[in-house]
Peer 1: 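This is the structure I want to talk about, given as structure tokens.
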Amino acid sequence: MQSKRHSPRLLIPQKLLRVLLVLSSSTGPLAGIYSGWTGSKVKQPYDAFLLLDFEATCERGKGFDYPNEIIEFPICLMRWKDRDGDKASQLEVVAEFRSFVKPSWRPNLSEFCTELTGITQQDQVDAAPSFPAVLRSVRAFLVEHKLIEKHGKRRLRFCWCSDGPFDIRDFLVKQLFISQVPMPEWMAGDVLDVRSVVAAHTSGRQVRRQPQHGPWAGIGLNIPAQLSALGLPPFEGREHSGIDDVRNLAKILKKLAFMGIRLQPNAAVNPRRRWAWMGKSGQILE
DNA sequence: TTTAGTCCAGACAGGTTAAG
DNA sequence: CTTAACCTGTCTGGACTAAA
């Protein structure tokens with residue numbers, strides 16, 4: 001039976017202690033609130049930012065050496081609110097674009113994919129336009145917001161941004177191959193990988209260190225962890241929903257701008273990159 | 001297969017207390 | 001004094017995670 005011995009010491013559970021330690025340390029969720037508060041304007045070479053986060057078809061365990069087809073194409077357009085010459089510090093979302101995309105090679109989503117992204121087969125994917133059609137809508141969106149001319153030439157200095165270098169470098173390049181569409185000139189060029197900027201400015205206070213070598217080198221923090229590392233409120237919406245991911249990414253970019261970080265491309269895109277499953281003229285080898 | 005970090009449970013050592 | 005019960009800190013190993 002239980003002994004009825006009383007304890008003379010003040011007992012503080014170890015778990016509680018650990019929580020208190022995390023809250024009070026400079027690596028805790030409150031760190032960014034104090035450390036990143038600047039708001040001073042710095043030279044910014046871009047007029048506008050197009051934040052992108054594709055969702056794509058996927059199979060459990062197949063990894064990324066796979067013909068992923070884009071099924072959601074969400075964009076947040078951000079512009080400077082306080083531009084003064086070429087200096088600025090405050091970014092805001094001024095427009096959004098969102099379309100689902102109907103895949104052509106494997107039009108049926110796996111259960112894993114539906115569960116991961118929350119995207120539904122009937123209502124969203126089956127009813128969606130094909131990728132080339134969505135690309136035309138995106139171009140119209142950019143024309144409407146005066147980023148490009150009708151024929152596609154750039155009017156403003158803008159930069160595509162994503163969480164990691166993967167979206168345009170891998171998913172778009174794969175999709176262009178599958179749809180047999182050339183890289184639009186208004187999407188060509190290097191991109192801003194927001195995640196690596198966050199990694200560069202949160203190292204030292206190590207919320208989570210990332211591998212320096214090997215296949216996972218540079219993968220870094222996911223969006224919720226980046227929000228936490230910057231002292232921002234938690235993720236809003238549904239993770240792996242493209243539009244929600246991109247809205248949360250917008251908060252991260254806004255914060256980085258406010259911290260006085262110059263926002264410019266940092267990841268190269270090779271539109272001619274090929275994967276092993278790519279056959280001749282858009283054919284997919286299995 | 002590969003990286004590098006976090007988190008958690010379990011084992012263990014050592015200290016303290018009350019019962020025998 | 002000896003011992004069992006209890007508490008704590010430390011260590012270790014395994015599971016888990018990261019673009020879709």
Side-chain angles (χ1 to χ4, degrees), chain A residues 1-19 21-22 25 27-29 51-74 100-101 103 105-106 108-119 124-125 131 160-175 178 191-196 198-199 202-229 235 238-246 248-249 252 267 269 273 275 277:
Chain A
M1 278 277 92
Q2 285 284 335
S3 98
K4 46 317 175 175
R5 188 173 296 143
H6 70 277
S7 162
R9 275 176 291 174
L10 176 63
L11 302 177
I12 302 174
Q14 216 187 335
K15 270 194 179 168
L16 179 61
L17 246 170
R18 219 181 277 180
V19 168
L21 202 71
V22 166
S25 76
T27 70
L51 283 68
L52 181 71
D53 197 285
F54 292 130
E55 301 305 313
T57 57
C58 47
E59 300 267 350
R60 190 190 297 278
K62 289 272 172 77
F64 295 100
D65 186 17
Y66 176 82
N68 309 92
E69 296 181 87
I70 294 170
I71 51 175
E72 184 184 354
F73 198 142
F100 292 101
V101 187
W105 176 58
R106 289 286 145 86
N108 289 325
L109 306 185
S110 67
E111 199 184 316
F112 171 64
C113 182
T114 304
E115 204 174 304
L116 181 74
T117 64
I119 294 172
Q124 297 179 321
V125 155
F131 184 76
W160 291 94
C161 310
S162 56
D163 174 36
F166 315 102
D167 289 80
I168 290 182
R169 191 192 71 186
D170 299 354
F171 293 115
L172 179 66
V173 171
K174 288 177 184 182
Q175 182 66 62
I178 294 167
V191 298
L192 170 54
D193 166 9
V194 177
R195 172 177 295 212
S196 80
V198 174
T202 52
S203 60
R205 31 183 159 136
Q206 59 185 60
V207 173
R208 176 173 172 175
R209 285 292 204 101
Q210 46 188 332
Q212 300 297 310
H213 311 286
W216 298 107
I219 295 292
L221 306 168
N222 61 15
I223 294 177
Q226 291 173 58
L227 289 165
S228 148
F235 191 96
R238 187 198 195 283
E239 273 185 69
H240 294 111
S241 155
I243 192 68
D244 288 340
D245 281 352
V246 96
N248 283 275
L249 196 61
I252 292 169
V269 173
R273 180 167 175 192
W275 279 261
W277 48 265

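Computed from a predicted model, the values in this text were never measured in an experiment. Protein chains get the first letters and strands the later ones, always in sequence-line order, with residue 1 at the start of each.
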Peer 1: I'd like to know if the side chain of A/N222 pairs up with that of A/E239 as donor and acceptor (distance under 3.5 Å, no hydrogens or angles considered).
Peer 2: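 Distance-only check fails for A/N222 and A/E239.
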Peer 1: C/dA20 C1' sits how many Å from A/D53 CG, rounded?
Peer 2: 10 Å
Peer 1: What class does the angle between the rings of A/F73 and A/F131 fall in, given that below 30° is parallel, 30 to 60° is tilted and above 60° is perpendicular?
Peer 2: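 Geometry flag for A/F131 against A/F73: parallel rings.
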Peer 1: For A/Q226 and C/dA18, give me the distance from atom CD to atom P, rounded to whole Å.
Peer 2: 13 Å
Peer 1: Across the strands shown, which category fits A/F112 at heavy-atom distances under 4.0 angstrom: base, sugar-phosphate, nothing?
Peer 2: base
Peer 1: Would you kindly give the CZ-to-P distance between A/R60 and C/dT17, to the nearest whole Å?
Peer 2: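 About 11 Å, once rounded to whole Å.
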Peer 1: Please classify the nucleic acid contact of A/D170 as base, sugar-phosphate, or nothing, using heavy-atom distances under 4.0 Å.
Peer 2: base
Peer 1: What is the distance from CH2 of A/W277 to C1' of C/dA20, rounded to the nearest Å?
Peer 2: 13 Å
Peer 1: Output yes when a side-chain donor or acceptor of A/E69 lies under 3.5 Å from a complementary backbone atom of A/W105, and no otherwise.
Peer 2: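 A pair under 3.5 Å: yes.
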Peer 1: Can you tell me the pairing partner of C/dC16 across any strand shown, Watson-Crick or G-U wobble, with both distances under 3.5 angstrom?
Peer 2: B/dG5
Peer 1: Separation of A/N222 atom CG from B/dG5 atom C1', in whole Å?
Peer 2: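 In whole Å, B/dG5 C1' lies 13 Å from A/N222 CG.
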Peer 1: In whole Å, I'd like the distance from the CG atom of A/D65 to the C1' atom of B/dT2.
Peer 2: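 Spelled out: CG on A/D65 to C1' on B/dT2 is 15 Å.
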Peer 1: CZ of A/R60: more than 12 outside heavy atoms within 6.0 angstrom?
Peer 2: no
Peer 1: May I have the distance from A/E111 (atom CD) to C/dA20 (atom C1'), rounded to whole angstrom?
Peer 2: 16 Å
Peer 1: Calculate the interatomic distance between A/Q175 atom CD and C/dA20 atom C1'; express it in whole Å.
Peer 2: 13 Å
